[in-house]
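Structure, as structure tokens:
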Amino acid sequence: MTVPLTRDALAARTGIDADAAPVRIVHLGLGHFFRAHQAWYTARSVDAAEWGIAAFTGRSAGIADTLQGQDGLFALVERGAEGDGVEIVTSLVEARPGTDTARLVELVADPAVAVITLTVTESGYRLTPDGTPDLGDAALAADLEVLRGGSSADRGPQTALGRLVLALDARRRADAGPIAVVSCDNIPGNGAFVRRGATALAEAIDPALADWMRTEVSFVSTSVDRITPHGDESPGAVADAGWEDHAAVVTEPFADWVLAGDFPAGRPEWESAGARFVDDIEPWEHRKLWLLNGAHSILTFAGLPRGLETVADATADAHCRALVEAFWSEAVQCLPAGTEHVHYREQLIERFSNPRIVHRLSQIAAEATVKAQFRFAAVAERSVAAGRDAEGSLQALGTWIAWVLDGPSAPDARADEVAAAAASIDPVRSLLGLVSPMLAADTVAVARVRAAASLRPTLARRAS
């Protein structure tokens, strides 16, 4: 027999105090990864009773409505190779649609709120590669008009960056004190990246707001790591635990969180739940971005054309595995001396091989261009600049280009640029130029990428 998941039911069944903690964290991006990672770390902290989270969706209100009906509670299923463990996460105390900017503003203007966390995709920030607002993006340009109080100001901002700046302006006007913004994504130097974008957007709205942000807002950089596929909910495991839950999340047992930056208004004791605080985030974010995320992308671009469907399938394929190993051998040479990677790679193979985590390659394929830039091109550029062999990363870039020219259907914010490059007289060089102008200007690098993609410079112009 199952029981609907609520705080009263949890307290009655377990005897533990399930009262909602006061909201002191606001989160933008109410998705699977946030619930498996930041919400889970907060719930496991020794001071969890002091740190409730109010989270806002990116687009759809559906999951917010579901979670609000469950008092913010959800089951986290840790799916190991041998079986499942089920845990009820209690740190989420309020779930709202992203369009509820009135509530967002009200919360961030409260001095008790000390932290804003974000889980946004690389392209979801709508920033250029140097971290400035992409005002050629229609949604961000419209938000700028809204934030300036223009003719569209009858609605709130639609983008994550626009909503963040709106909320920070409300805090400034309320004189609510300093606050930390914590980016939880796969962008290198994500704290500095988001700081540049948010401050530049603020500058375009009100220079006084930008000045306030420079002194009162800390932008924290992080490396986040926990494989959490979408679409792998497990009502069976949750029901076996006795709960009726419509917002369960399936994730792997492994979790890692490394943070660097200041928290001027305080923070949970996340280190008590296993998080690490460091002075320099770069080695850790590069280790994760290149070794885990880079491998995921290689497995995707090489595996999908071979008819493979999941990370576990592709990891077991000798061709895909060899591409990953070659890339790893090169990427670890780009890490600072002393950065542990041997055991991490062993763990990755074990994690990737877990057949009970159904991580579909088609999901990883989304936003492939920016992923190829940060995961492959970044390694290739470092290898070439250091005079080292870049075979692994150039093979990875060639594998991506061959996949692109095969006509993928995955969503990509740069799809128009990709289509134009693919239709050019030299698609290999043109596509390479989208992710690295430096490599596209290197004749040797282009030739090696071309060989990896098995294409010739005389390839006929493709139809657009």
Side-chain angles (χ1 to χ4, degrees), residues 5 7 10 14 16-57 63-64 66-68 70-80 83-95 114-120 182-186 220 222-230 232-234 237-238 241 243 245-259 263 267-277 284 288 292 347 351 354 356-357 359:
L5 186 56
R7 291 186 184 272
L10 183 62
T14 65
I16 65 172
D17 180 4
D19 289 346
V23 174
R24 299 196 63 199
I25 301 172
V26 168
H27 180 79
L28 303 182
L30 179 49
H32 287 64
F33 183 76
F34 153 71
R35 285 182 277 151
H37 197 271
Q38 296 92 58
W40 179 81
Y41 271 99
T42 303
R44 286 190 156 215
S45 298
V46 295
D47 55 350
E50 303 171 22
W51 291 92
I53 304 172
F56 293 77
T57 64
I63 189 61
T66 298
L67 283 163
Q68 197 67 15
Q70 296 182 177
D71 297 335
L73 301 181
F74 60 91
L76 189 72
V77 180
E78 289 192 351
R79 176 147 292 168
D84 294 336
V86 178
E87 177 179 352
I88 305 301
V89 177
T90 59
S91 57
L92 180 63
V93 300
E94 192 172 328
V115 179
I116 301 173
T117 55
L118 306 94
T119 45
V120 179
V182 184
S183 304
C184 302
D185 51 51
N186 293 321
V220 177
T222 71
S223 170
V224 294
D225 189 354
R226 194 171 206 185
I227 297 172
T228 308
H230 291 193
D232 192 20
E233 290 72 17
S234 182
V238 179
W243 297 111
D245 178 10
H246 301 285
V249 175
V250 174
T251 192
E252 64 173 338
F254 180 93
D256 189 51
W257 195 8
V258 187
L259 305 94
F263 290 83
R267 62 168 177 80
E269 292 186 38
W270 284 317
E271 60 268 47
S272 67
R276 288 174 289 161
F277 290 83
W284 307 103
K288 187 262 181 175
L292 186 151
Q347 288 178 308
R351 294 163 66 191
N354 181 354
R356 301 186 70 248
I357 289 288
H359 200 179

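These numbers were taken from a predicted model, which means no experiment stands behind them.
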For the backbone of [Y] and the side chain of [X], can you confirm whether one donor and one acceptor N or O come within less than 3.5 Å of each other?
| X | Y | result |
| --- | --- | --- |
| E269 | S272 | no |
| D245 | A75 | yes |
| Q68 | A95 | yes |
| T66 | A247 | no |
| T222 | S183 | yes |
| Q70 | H246 | yes |
| E252 | I227 | yes |

Compare all side-chain heavy atoms of [X] with those of [Y] and state whether any distance is below 4.5 angstrom.
| X | Y | value |
| --- | --- | --- |
| E50 | P22 | no |
| V93 | R7 | yes |
| V182 | F263 | yes |
| I88 | F74 | no |
| I53 | V23 | no |
| L30 | L67 | yes |
| K288 | N186 | yes |
| R35 | T251 | no |

Quick check: closest heavy atoms across [X] and [Y], and the distance to 0.1 Å?
| X | Y | value |
| --- | --- | --- |
| A36 | V249 | CB-CG1, 4.1 Å |
| A48 | A43 | CB-O, 3.5 Å |
| V89 | A39 | CG1-O, 3.7 Å |
| G52 | A21 | N-CB, 3.4 Å |
| I16 | T14 | CG1-OG1, 2.9 Å |

[X] [atom1] to [Y] [atom2] distance, which is reported to the nearest 0.5 Å:
| X | Y | atom1 | atom2 | answer |
| --- | --- | --- | --- | --- |
| H32 | T119 | NE2 | OG1 | 12.0 Å |
| F34 | L118 | CZ | CG | 11.0 Å |
| H37 | F33 | NE2 | CZ | 4.0 Å |
| E271 | L259 | CD | CG | 9.5 Å |
| W51 | S91 | CH2 | OG | 12.5 Å |
| L76 | E78 | CG | CD | 6.0 Å |

Centroid-centroid distance, W257 to Y41, less than 6.0 Å: yes

Pair H27 and F56, ring centroids less than 6.0 Å apart: no

W40 six-ring centre to R226 NZ/CZ under 6.0 Å and within 45° of normal: yes

Stepwise side chain to side chain contact (heavy atoms under 4.5 Å, CB included) test for V238 and V77: CA-CA 7 Å; V238 179; V77 180; 3.7 Å; yes

Side-chain donor-acceptor pair present, W270, T42, cut-off under 3.5 Å: yes

Full working for side chain to side chain contact (heavy atoms under 4.5 Å, CB included) between L10 and L73: CA-CA 9 Å; L10 183 62; L73 301 181; 4.2 Å; yes

Check against side chain to side chain contact (heavy atoms under 4.5 Å, CB included), R276 and D256: CA-CA 8 Å; R276 288 174 289 161; D256 189 51; 2.7 Å; yes

Derivation of the salt bridge (charged side-chain N to carboxylate O under 4.0 Å, His left out) call for R351 and D225: CA-CA 12 Å; R351 294 163 66 191; D225 189 354; 2.7 Å; yes

Those residues that, when tested against T90, pass side-chain hydrogen bond (donor to acceptor under 3.5 Å, both in side chains) (two or more places apart): none

Test side chain to side chain contact (heavy atoms under 4.5 Å, CB included) applied to L28 and T117, step by step: CA-CA 6 Å; L28 303 182; T117 55; over 6 Å; no

NZ/NE/NH1/NH2 to OD/OE distance under 4.0 Å, D84 and R79: yes

Pair R24 + D47, salt bridge at N-O below 4.0 Å: no

